[in-house]
Amino acid sequence: MERNLKLANYHTHCELDDGRGPLEEYVLKALSLRFEAIGFSCHAPNPHDSTWHLRHDKVEQYLETISRLRFTYGNRIEIYAGMELEYFSESDVLSGSEYADRLDYTIGSFHMLYHPKSGTYISIDNTREDYETLLNDNYSGDITAFVSDYFAIQETMMRHHKFSFLAHCDLIKKLNKDNRYFDPAEQWYMDASRHLIEVAADQHVRIEANTGGMARQAIPEMYPSASLLRIAAALDVPVVISSDAHKSAQLDYYFSQAIDEIIQAGYKQIDLLYHGLWTRQNLL
Ligand SMILES: [Zn+2]
Ligand SMILES: [Zn+2]
């Protein structure tokens with residue numbers, strides 16, 4: 001269906017973190033898609049070892065590149081500087097917050113759990129081996145405890161920290177292909193995930209409808225799932241659409257269908273960072 005919606009994507013990565021290609025490539029792609037706006041959201045620097053975050057010593061280059069692109073293309077598209085901030089539950093630190101006053105917006109995200117046995121942080125969305133290491137060592141193999149803790153940690157992040165929107169709120173399902181570890185239709189999962197959305201509503205946190213797991217062929221659905229998105233719509237949790245693009249070609253991945261799904265979930269509006277302000281635009 002042809003719509004007159006303003007399109008934008010504020011969740012994008014690039015060659016300065018774990019994405020591919022220079023920032024300009026994303027701007028050119030966004031222009032070709034007639035986007036109203038594009039935002040860059042490199043994984044924020046953090047104090048722990050990582051190959052996929054922006055390095056502290058690259059932050060100036062990152063921000064200067066965005067300023068230069070805004071100077072060159074700013075009359076044709078709105079260009080915003082953001083970061084995907086990284087939450088560390090052990091220390092209750094949202095890493096990258098120290099840059100917030102130099103950014104136009106921030107994304108609150110949680111990917112890594114502390115693993116006491118090795119003294120390192122391990123990603124929940126990287127490999128099955130890592131996932132099972134966390135499951136077995138931190139939770140004695142109890143998947144209910146693992147997944148419930150994942151949702152509870154994000155609730156703490158929302159209660160203790162401010163950001164523009166919450167990233168991929170049910171990322172814990174990324175490695176759960178064919179319900180390998182859990183069945184999201186089970187009551188405990190529905191309760192834990194619903195509670196997360198209730199806290200988002202209570203804390204006035206915006207969520208994203210993120211097509212990135214599909215763009216990477218990891219899962220066949222968005223973050224959040226259709227059933228969670230319905231709960232979010234019923235509780236008036238604002239939503240922004242994104243593809244978590246790691247390549248410029250993914251900039252509008254599945255957007256058309258995603259908008260249909262957002263409408264089917266019950267939303268009448270989606271949020272847009274436009275002229276420097278978060279605003280609502282009507283879907284129909
Ligand atoms: Zn992320
Ligand atoms: Zn991301």
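Just follow the structure's listing: the first ligand is 1, and inside any ligand the first atom is 1.
- The one candidate from D170, L171, L175 that meets the side chain to side chain contact (heavy atoms under 4.5 Å, CB included) condition with K173 is D170.
- Contact of the D104 side chain with the Y10 side chain is not registered, since no non-hydrogen atoms from C-beta on lie closer than 4.5 Å.
- Aromatic rings from F146 and Y181 are positioned such that their centres are separated by 6.0 Å or more.
- Within the 2.8 Å limit, H11 places at least one N, O or S atom next to the Zn ion (ligand 2).
- Between E84 and H11, some side-chain heavy-atom pair lies under the 4.5 Å cut-off.
- Looking only at its N/O/S atoms, E84 has OE1 as the one nearest to the Zn ion (ligand 2).
- In terms of distance to the Zn ion (ligand 1), the nearest N, O or S atom of H168 is named NE2.
- Metal site remark for the Zn ion (ligand 1): H43 contributes no N, O or S atom at a distance under 2.8 Å.
- At least one N, O or S atom of H13, from either the backbone or the side chain, sits less than 2.8 Å from the Zn ion (ligand 2).
- For D244, the N/O/S atom at the shortest distance from the Zn ion (ligand 2) is named OD1.
- In the hydrophobic clustering of this structure, M190 does not group with Y223; members are Ile, Leu, Val, Met, Phe, Trp, Tyr whose side-chain heavy atoms approach within less than 4.5 Å, directly or through other members.
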